[in-house]
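Down below is the structure, laid out as structure tokens.
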Amino acid sequence: MFLCPSTNTVQTVNLEDYEEVKKTWSENYKNLEVPKSLEKSDRTREEWVKEDLGKTTNAIDLLKSEDPQK
């Protein structure tokens, strides 16, 4: 069983590293082939990005939550 810590400390990142990661992800979303999904094999790039954004937002919310049941 995985237990999250009861407090979340935010890890700092320098601006240069942040911008490099941001650039990499932006290039990937613009240039990689849109992955197929089990639910929709012909999804668009926009659908793919929106889906990933939703998953990422959910993961961040769970990590920031103080509710140990999440």
Side-chain angles (χ1 to χ4, degrees):
M1 180 173 171
F2 177 77
L3 295 176
C4 290
S6 60
T7 59
N8 290 317
T9 55
V10 178
Q11 181 179 3
T12 59
V13 176
N14 71 48
L15 184 58
E16 184 178 321
D17 288 344
Y18 169 81
E19 291 296 334
E20 186 61 33
V21 170
K22 179 180 170 182
K23 178 183 169 193
T24 299
W25 279 102
S26 292
E27 288 174 359
N28 285 343
Y29 279 116
K30 289 176 185 174
N31 300 319
L32 290 178
E33 183 178 329
V34 177
K36 305 258 186 276
S37 145
L38 292 176
E39 297 82 27
K40 188 172 182 185
S41 62
D42 62 342
R43 68 181 171 177
T44 65
R45 184 168 304 279
E46 182 178 356
E47 290 170 329
W48 171 42
V49 172
K50 283 182 179 180
E51 184 180 314
D52 273 10
L53 180 59
K55 289 177 182 178
T56 302
T57 300
N58 186 49
I60 291 169
D61 290 345
L62 289 171
L63 290 169
K64 290 170 44 179
S65 174
E66 295 194 20
D67 180 354
Q69 296 301 316
K70 287 189 174 183

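Since the model is a prediction, treat every value here as computed from it, not as a measurement. Numbering of residues begins at 1 and proceeds along the displayed sequence.
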Quiz prompt | ILVMFWY cluster, Leu53 and Trp25 together (side-chain gap under 4.5 Å) | solution = no

Quiz item: Who are the side chain to side chain donor-acceptor pair (under 3.5 Å) partners of Tyr29, not counting sequence neighbours?
Solution: Asp52

Quiz prompt | Derivation and outcome, side chain to side chain contact (heavy atoms under 4.5 Å, CB included), residues Asp17 and Val21 | solution = CA-CA 6 Å; Asp17 288 344; Val21 170; 5.6 Å; no

Practice problem: Name all pairs fulfilling the salt bridge (charged side-chain N to carboxylate O under 4.0 Å, His left out) condition that reach into residues 26-46, sequence neighbours left out, sorted by first residue then second. | Solution: Lys40-Glu47, Arg43-Glu51, Glu46-Lys50

Exercise. Can you spot which of Lys22, Glu16, Lys23 makes a side-chain contact (heavy atoms from CB on, under 4.5 Å) with Glu19?
Key: Lys22

Quiz item: Quick one: salt bridge (Lys or Arg N to Asp or Glu O under 4.0 Å) partners of Glu20, sequence neighbours excluded?
Solution: none

Exercise. Hey, could you give me the CD1/OG1 distance between Ile60 and Thr56, rounded to the nearest 0.5 Å?
Key: 6.5 Å

Quiz item: Which atom names give the shortest non-hydrogen contact between Thr44 and Val34, and what distance separates them?
Solution: O-CG1, 3.9 Å

Self-check item: Nearest atoms (heavy-atom pairs only) where Asn28 meets Trp48
Solution: O-CH2, 4.0 Å

